[in-house]
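Just so we're on the same page: letters track the sequence lines, and every chain starts at 1.
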Amino acid sequence: MKIATFNINGIKARHKALPAWLEEQSPDVALLQEIKSVDEAFPRDLIEDLGYNLETHGQKGFNGVAIASKYPLEDVTRGLPGDPEDVQARWIEATVVGARVVRVAGLYLPNGNPVPGPKYDYKLAWMKRMKARAAELLRTEEPIVLGGDYNVIPQPEDCARPAAWEKDALFLPQTRAAFREILNLGYTEAFRARVSGPGHYSFWDYQAGAYQRNDGIRIDHLLLSPQAADLLRDVGIDKDERARDKPSDHVPVWIELDA
DNA sequence: ATGGTTGCCGAGCAA
């Protein structure tokens, strides 16, 4: 079972690039972020016509997450538990019924800039809520995949110019510590389980020719429960997607599971 | 230091 995460930065603007990628790479499950659409306006045909089931959790203008799957999706839930006041669409869960059953969560973790301020406070509070949900999911002892745009640069080697990110919400020590707290519950960050060293990124800014200079950051991650980590066969980043016509500023990151 | 770009949607905000 191939599971990918992809921040598409707007479903309407990606009406060509997203179906092209789905056709070429054929992930079984695609966790999509920043759909930037309400559910009623989502062009479902773009995805359903390729043989995918689709579950969306949208919001007007901003945010929004979705799950596309060639396998049936069951027990879909929307929204990150822990704050009934939070109306931002950043979390969706579903059970994928493949050869094995895998519980997946698609997430769009808050950016948090500028620091300090309410947006950074919201980011840290959101990560605390995510930690609680991640711990709860572990107790099921099932294969679990938490995939999405984490807006976290885990290590200096995960960005081309660490000095430029020193005071940024994506790279502050407090942000990285909150990310490690989730990992230390018992999750494995899939990419780093298989690939070491610098130069591997999942996002390049649209500005100043960042992609051409490979001035990127690695902020899209797939976290695996122990039972999912046992099934890990391969990982990858579809870097070439960033060179496509009308690309997202992120590229897909994927895993292949024995499931 | 500023501005550089894109997407939402039709003015700025978010990233």
Side-chain angles (χ1 to χ4, degrees), chain A residues 5-21 30-44 46-47 56-66 80 86-91 106-127 130 147-154 158-172 174-176 178-179 201-221 238-253:
Chain A
T5 176
F6 189 6
N7 179 325
I8 59 174
N9 190 20
I11 184 61
K12 297 170 192 78
R14 232 52 68 207
H15 68 279
K16 282 200 161 113
L18 177 62
W21 169 72
L31 307 169
L32 306 176
Q33 302 88 37
E34 281 205 270
I35 63 174
K36 295 187 174 179
S37 168
V38 293
D39 295 337
E40 305 74 55
F42 193 101
R44 304 180 61 91
L46 291 181
I47 290 168
T56 62
H57 178 38
Q59 182 181 343
K60 186 178 167 63
F62 308 99
N63 305 326
V65 288
L80 179 64
D86 186 3
V87 296
Q88 299 195 33
R90 297 178 174 276
W91 184 272
L107 64 110
Y108 177 44
L109 205 148
N111 176 295
N113 284 303
V115 182
K119 291 191 173 177
Y120 193 57
D121 297 341
Y122 175 66
K123 177 174 194 157
L124 293 177
W126 200 96
M127 292 180 85
M130 178 176 166
D149 176 357
Y150 279 72
N151 271 313
V152 174
I153 301 167
D158 296 314
C159 56
R161 295 181 300 123
W165 295 93
E166 230 165 50
K167 293 175 178 162
D168 194 282
L170 279 61
F171 192 52
L172 280 174
Q174 221 183 333
T175 304
R176 295 166 57 196
F179 180 69
Y201 310 126
S202 65
F203 168 94
W204 298 261
D205 202 288
Y206 285 125
Q207 302 177 76
Y211 182 66
Q212 287 68 27
R213 297 184 290 112
N214 199 24
D215 179 9
I217 56 179
R218 197 176 65 88
I219 56 174
D220 299 273
H221 310 299
D238 290 340
K239 183 180 182 184
D240 290 350
E241 289 303 308
R242 190 61 179 77
R244 215 186 258 284
D245 265 0
K246 294 283 286 177
S248 170
D249 41 7
H250 296 249
V251 295
V253 179

From CZ of A:Phe62 across to P of B:dT6 the rounded distance in Å is 18 Å
Exercise for the section: Look at the aromatic rings of A:Tyr150 and A:Phe179 and report parallel, tilted or perpendicular, splitting at 30° and 60°. Expected result: perpendicular
note: A:Ile219, atom CD1; B:dA15, atom P; distance rounded to Å ~ 11 Å
**Asked** If the P atom of B:dT6 is compared with that of B:dT2, how far apart are they to the nearest Å?
**Response** 23 Å
In whole angstroms, the gap separating C1' of B:dA14 from OH of A:Tyr122 amounts to 14 Å
Between CD1 of A:Ile11 and P of B:dC9 the distance, given in whole Å, is 13 Å
With the side chain defined as heavy atoms from C-beta on, A:Ala13 is closest, among B:dA15, B:dC8, B:dT5, to B:dC8
### Message
Would you say that A:Arg14 contacts A:Leu46 through its side chain, given a criterion of any heavy-atom pair below 4.5 Å between the two side chains?
### Response
no
| query | With a 4.5 Å limit on heavy-atom distance, are the side chains of A:Asp86 and A:Trp126 in contact? | reply | yes
Exercise for the section: Give one of base, sugar-phosphate or nothing for A:Tyr108, where a contact means two heavy atoms less than 4.0 Å apart. Expected result: sugar-phosphate
Of the candidates B:dA15, B:dT6, B:dC9, the side chain of A:Glu34 sits closest to B:dA15
Open item on the list: What's the gap between B:dG3 and B:dC13 when it is taken at their P atoms, as a whole Å value?
Closed with: 16 Å
When rounded to whole Å, the CG to C1' distance for the pair A:Leu32 and B:dG7 reads 16 Å
If the P atom of B:dG4 is compared with that of B:dC9, how far apart are they to the nearest Å? 25 Å
Any side-chain N or O of A:Lys246 below 4.0 angstrom from OP1/OP2 of B:dG7?
yes
Per atom distances to the A:Gln207 side chain, the nearest of B:dG4, B:dG7, B:dC8 is B:dG4
From NE2 of A:His250 across to C1' of B:dT6 the rounded distance in Å is 12 Å
Closest of B:dC9, B:dG7, B:dA15 to the A:Lys12 side chain is B:dC9
Of A:Asn63 and A:Ser37, the one whose nearest nucleotide on DNA chain B sits closer to the 5' end is A:Ser37
Among B:dG4, B:dC9, B:dA14, the one nearest any side-chain atom of A:Lys60 is B:dC9
May I ask you to verify if any side-chain N or O of A:Lys119 is less than 4.0 angstrom from the OP1 or OP2 atom of B:dA14?
yes
To the nearest angstrom, the CD-C1' distance between A:Gln88 and B:dA15 comes to 13 Å
Do A:Lys123 and A:Asn111 meet the criterion of a side-chain donor-acceptor pair at a distance under 3.5 Å?
no
Distance col, row A:Arg242:CZ vs A:Tyr201:OH, nearest 0.5 angstrom, shows 14.5 Å
From CZ of A:Phe203 across to P of B:dG7 the rounded distance in Å is 13 Å
